[in-house]
Amino acid sequence: MATIRDTILEYPSVEDMEGYLDKVVSVRRGVNLNEECTVDNMRKVELCVADMYAMLVNSPDFTENKLSITHPRSFYLQTAKRLYIENGEPEKVASLGKRIIVKGNAGNRW
């Protein structure tokens with residue numbers, strides 16, 4: 001039998017975010033990751049995945065000396081939006097994909 005953790009980690013690109021799943025997502029959602037995954041708790045699973053994709057979308061992409069398989073940003077964004085809407089939290093869709101703008105006072109001097 002698969003646990004909720006196993007099911008969440010089957011989604012593309014979330015395997016590297018297990019710490020975020022354990023320390024943030026499961027705590028905020030009140031999800032026992034070791035519980036058996038059933039049809040009745042799939043809503044919780046999909047909302048956890050949406051939270052993780054939302055974090056991926058809003059994180060900078062840093063890859064150095066590493067080959068990796070990635071999905072386009074739009075994949076994560078659309079999947080998170082769909083999962084939020086399908087699972088009763090459409091209000092979160094508006095906050096997805098907002099780009100972070102860094103402002104500073106650095107001039108053209110070095």
Side-chain angles (χ1 to χ4, degrees):
M1 297 292 170
T3 64
I4 290 176
R5 173 191 307 281
D6 296 336
T7 305
I8 290 170
L9 294 175
E10 286 296 318
Y11 280 80
S13 302
V14 296
E15 65 277 352
D16 291 338
M17 298 180 64
E18 195 166 359
Y20 180 70
L21 173 63
D22 292 339
K23 296 174 185 161
V24 180
V25 176
S26 66
V27 173
R28 282 187 182 164
R29 294 262 175 213
V31 175
N32 177 357
L33 297 174
N34 297 317
E35 187 179 318
E36 181 182 346
C37 186
T38 64
V39 172
D40 295 333
N41 58 24
M42 274 307 290
R43 180 177 183 270
K44 289 181 192 177
V45 168
E46 290 183 346
L47 287 171
C48 288
V49 172
D51 288 345
M52 294 176 77
Y53 280 162
M55 175 59 101
L56 275 172
V57 165
N58 291 309
S59 297
D61 181 22
F62 295 108
T63 305
E64 185 176 324
N65 297 327
K66 180 177 160 184
L67 293 174
S68 62
I69 298 172
T70 60
H71 292 82
R73 183 176 191 272
S74 61
F75 167 80
Y76 299 120
L77 190 59
Q78 292 302 331
T79 303
K81 284 180 181 181
R82 181 181 57 80
L83 293 173
Y84 280 133
I85 290 169
E86 287 176 359
N87 291 288
E89 296 186 6
E91 68 279 0
K92 292 196 174 183
V93 171
S95 66
L96 287 178
K98 304 234 179 191
R99 296 216 181 246
I100 299 170
I101 298 172
V102 178
K103 294 183 180 182
N105 294 328
N108 291 332
R109 298 178 302 220
W110 289 93

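No experiment lies behind these values; they were computed from the predicted model shown.
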**Q.** Ala80 versus Tyr53, closest heavy-atom pair with distance
**A.** CB-CB, 3.9 Å

Q) Roughly how far apart are Ser74 OG and Lys81 NZ, rounded to 0.5 Å? A) 10.0 Å

Q) Can any side-chain N or O of Asn41 pair as donor or acceptor with the backbone N or O of Glu36 at less than 3.5 Å? A) yes

**Q.** Spacing of Glu89 atom CD and Leu47 atom CG [to the nearest 0.5 Å]
**A.** 4.5 Å

**Q.** Rounded distance (nearest 0.5 Å) linking atom CE of Met17 with atom CG of Asp51
**A.** 9.5 Å

Q. Between Met52 and Ile8, what is the shortest heavy-atom contact and its length?
A. SD-CG2, 3.7 Å

Q. What distance do Leu9 atom CG and Ile4 atom CD1 have between them, rounded to the nearest 0.5 Å?
A. 12.0 Å

Q: For residues Tyr11 and Thr7, report the shortest heavy-atom separation together with the two atoms involved.
A: CD1-O, 3.5 Å

Q.
Could you report the tightest heavy-atom contact between Pro12 and Tyr76, atom names first, then the distance?
A. O-CE2, 4.1 Å

Q. Side-chain contact, heavy-atom cut-off 4.5 Å: Leu21 with Leu33?
A. yes

Q | Step-by-step side chain to side chain contact (heavy atoms under 4.5 Å, CB included) determination, Val25 to Val31 | A | CA-CA 8 Å; Val25 176; Val31 175; over 6 Å; no

Q. Quick one: CE on Met1 to CG on Asp6, what's the gap to the nearest 0.5 Å?
A. 12.5 Å

Q.
Would you say that more than 12 heavy atoms from the other residues, nucleotides or ligands in this model lie under 6.0 Å from the CZ of Arg29, or not?
A. yes

Q: Taking all non-hydrogen atoms of both residues into account, name the closest pair between Asn87 and Leu83 and its distance.
A: ND2-O, 2.8 Å

Q | Identified salt bridge (Lys or Arg N to Asp or Glu O under 4.0 Å) partner of Arg5 from the options Glu10, Glu18, Glu15, Glu35 | A | Glu18

Q: Kindly give the heavy-atom pair with the smallest separation between Cys37 and Met42, and that separation in Å.
A: SG-SD, 3.5 Å

